[in-house]
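Within every chain, numbering begins at 1; the chains are lettered A, B, ... in the order of the sequence lines, protein sequences first and strands thereafter. What you see is a predicted model, and the numbers here were worked out from it, not measured in a lab.
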Number of protein chains: 2
Amino acid sequence: MRIGELARRADCPVETVRYYEKAGLLPAPRRSGANYRSYAAGHAERLAFILRCRSLDMSLPEIRSLLEAIDRPGADCSGIDALLDEHIGHVSARILELKRLRAELASIRARCAGAKATAECGIVKTLARSRAAPREPSHVAAAHGVARRARKGF
Amino acid sequence: MRIGELARRADCPVETVRYYEKAGLLPAPRRSGANYRSYAAGHAERLAFILRCRSLDMSLPEIRSLLEAIDRPGADCSGIDALLDEHIGHVSARILELKRLRAELASIRARCAGAKATAECGIVKTLARSRAAPREPSHVAAAHGVARRARKGF
DNA sequence: GCTTGACCCTGTAGCCGCTCCAGGGTTTGC
DNA sequence: GCAAACCCTGGAGCGGCTACAGGGTCAAGC
């Protein structure tokens, strides 16, 4: 199976497959004479697993941990449980944060009844006031498994 | 006021101030003889406004729109209202998405009672099954104003 | 006057998870 | 024998910063 067919079966872009190989999530397959990647069924399974985890918003390092655990099939799976619990904790925390955010946005939105001059707009006035608790630097965030950036159609 | 004091007052890193200038959000201040940036009170206000909007998870393009509206103080503010409504919609949609996600994660988590061998772990087995509805490409997402990536401590 | 340290400057590279492109080579079907 | 569809590598780009490197400037203390 060449990369195009693997990608079609997994319903993901070809570039993503190559990216996961470079990122060390998908093992490098053997190559054909023309230097084409040649995949076996195991690769398709592994790719499906990775995509499933991504659809659950896990980060690539988290998925790597899971894959490493799976590659030691005899070992006990408590680390997997813990990883999932932690990930669920991240999701819950993010939900709470967004709810607080939405409440604040709603209260700001309520300050403008519409169609005034910008200079008198209650929204603008409210936004000009000082912000709430400072946010954390983003470089530390990358270690976690729930994305913040929105997707298309969001 | 030099950049260090402006940043201290706004409680944000100096690099961020320079970044906002380069991004066209904060007007370039005049320079001292030694080519140091020299800020006035208006800059501090504007920076505070930007940071407040960021703390509400608005994207830089969204904030730019708001600033442009504010810079036309006579015009009517319906565009501002609409922008806020749209942003609130993004936040709500993301909350819904994360709740669905959390429910799915919880059901996966429930499949493992703990301390089995990885090969028998119900979580691993469930994750190996095919994923739900495919996700949208991320490059389109950047247009929106609610971040997906987590922060430190998240 | 000289040193030390705190501050400032520009420019570049890195983070995540891709996505897209240029510029080439190969395979497949007609 | 040729076009279209596929494949390859390497690099740049997205957002919103952060963190350097490698320099210049300034104020205080000796």
Side-chain angles (χ1 to χ4, degrees), chain A residues 1-8 10 12-26 28-29 31-39 47 50-51 53-64 134-152 154, chain B residues 1-8 10 12-26 28-29 31-39 47 50-51 53-64 134-152 154:
Chain A
M1 185 172 23
R2 293 193 306 197
I3 196 170
E5 196 187 335
L6 180 72
R8 234 182 337 271
C12 85
V14 164
E15 290 88 351
T16 299
V17 177
R18 282 195 283 250
Y19 178 78
Y20 287 160
E21 178 182 327
K22 208 164 58 176
L25 292 176
L26 203 55
R31 299 288 184 128
S32 77
N35 199 29
Y36 285 9
R37 288 172 180 81
S38 177
Y39 294 97
L47 176 57
I50 295 167
L51 291 169
C53 291
R54 283 296 298 139
S55 82
L56 294 167
D57 240 346
M58 294 182 201
S59 68
L60 298 195
E62 280 177 329
I63 299 171
R64 211 179 341 254
R135 323 191 81 194
E136 316 265 9
S138 67
H139 69 284
V140 196
H144 297 303
V146 176
R148 290 191 58 248
R149 265 288 147 212
R151 293 195 175 81
K152 167 187 163 189
F154 169 71
Chain B
M1 186 172 23
R2 294 192 305 195
I3 198 170
E5 197 188 334
L6 180 72
R8 231 177 346 265
C12 83
V14 164
E15 289 88 351
T16 299
V17 177
R18 282 194 283 249
Y19 178 77
Y20 288 159
E21 178 183 327
K22 208 165 57 175
L25 292 177
L26 204 55
R31 299 288 185 127
S32 77
N35 198 30
Y36 287 7
R37 288 172 180 81
S38 178
Y39 294 97
L47 177 56
I50 296 167
L51 291 170
C53 291
R54 283 296 299 137
S55 83
L56 294 168
D57 240 346
M58 295 181 201
S59 68
L60 298 196
E62 280 177 330
I63 299 171
R64 211 179 340 256
R135 324 190 81 194
E136 317 263 8
S138 68
H139 70 283
V140 196
H144 296 303
V146 176
R148 290 190 58 249
R149 265 288 147 214
R151 293 194 176 83
K152 167 187 164 190
F154 168 71

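At whole-Å resolution of the value, CE in A:M1 and C1' in D:dC7 are 16 Å apart. Rounded to whole angstrom, the span from the OH atom of A:Y19 across to the P atom of D:dG10 amounts to 16 Å. As a whole-Å value, the separation of A:E62 CD from C:dC16 C1' is 13 Å. Rounded to whole Å, the distance from CZ on A:R37 to C1' on D:dC6 is 13 Å. Rounded to whole Å, the distance from CZ on B:R18 to P on D:dA19 is 13 Å. Counting to the nearest Å, the P atom of C:dA6 and the CD1 atom of B:I3 are 19 Å from each other. In this structure, CD of B:E21 is placed 15 Å from P of D:dC17, rounded to the nearest angstrom. We find that CG of A:L56 is positioned 16 Å from C1' of C:dG17, with the value rounded to whole Å.
Side-chain atoms of B:Y36 lie closest to C:dC9 of the nucleotides C:dG17, D:dC6, C:dC9. For B:N35, the side-chain atoms get nearest to C:dT10 when compared with the rest of C:dG17, C:dC7, C:dT10. Comparing C:dC9, C:dC18, D:dT9 against the side chain of A:R31 picks out D:dT9 as the nearest. When each of C:dT12, C:dT19, C:dC7 is scored by its nearest atom to the side-chain atoms of A:T16, the top-ranked nucleotide is C:dT19. Comparing atom distances between the A:E15 side chain and each of D:dC26, C:dC18, C:dT19 picks out C:dT19 as nearest. Side-chain proximity of B:Y20 to D:dC17, C:dT12, C:dG25: nearest is D:dC17. For A:A34, the side-chain atoms get nearest to C:dT26 when compared with the rest of D:dT25, C:dT26, D:dG16. Distances were taken from every side-chain heavy atom of B:R2 (C-beta onward) to each of C:dC18, C:dC7, D:dC17; the shortest belongs to C:dC7.
Listed for the A:R54 side chain is a donor-acceptor partner under 3.5 Å among the backbone atoms of A:M58.
Using a 4.5 Å heavy-atom cutoff, the side chains of A:L47 and A:Y39 are not in contact. With contacts defined as side-chain heavy-atom distances shorter than 4.5 Å, the pair B:R37/B:R2 does not qualify.
A distance of 7.0 Å separates CD in B:E21 from CD1 in B:I3, rounded to the nearest 0.5 Å.
An OP1 or OP2 oxygen of D:dC7 is reached within less than 4.0 angstrom by no side-chain nitrogen or oxygen of A:S32.
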For B:I63 and B:Y20, what are the C-alpha separation, side-chain angles and deciding distance, and is it a side-chain contact (heavy atoms from CB on, under 4.5 Å)? CA-CA 11 Å; B:I63 299 171; B:Y20 288 159; over 6 Å; no
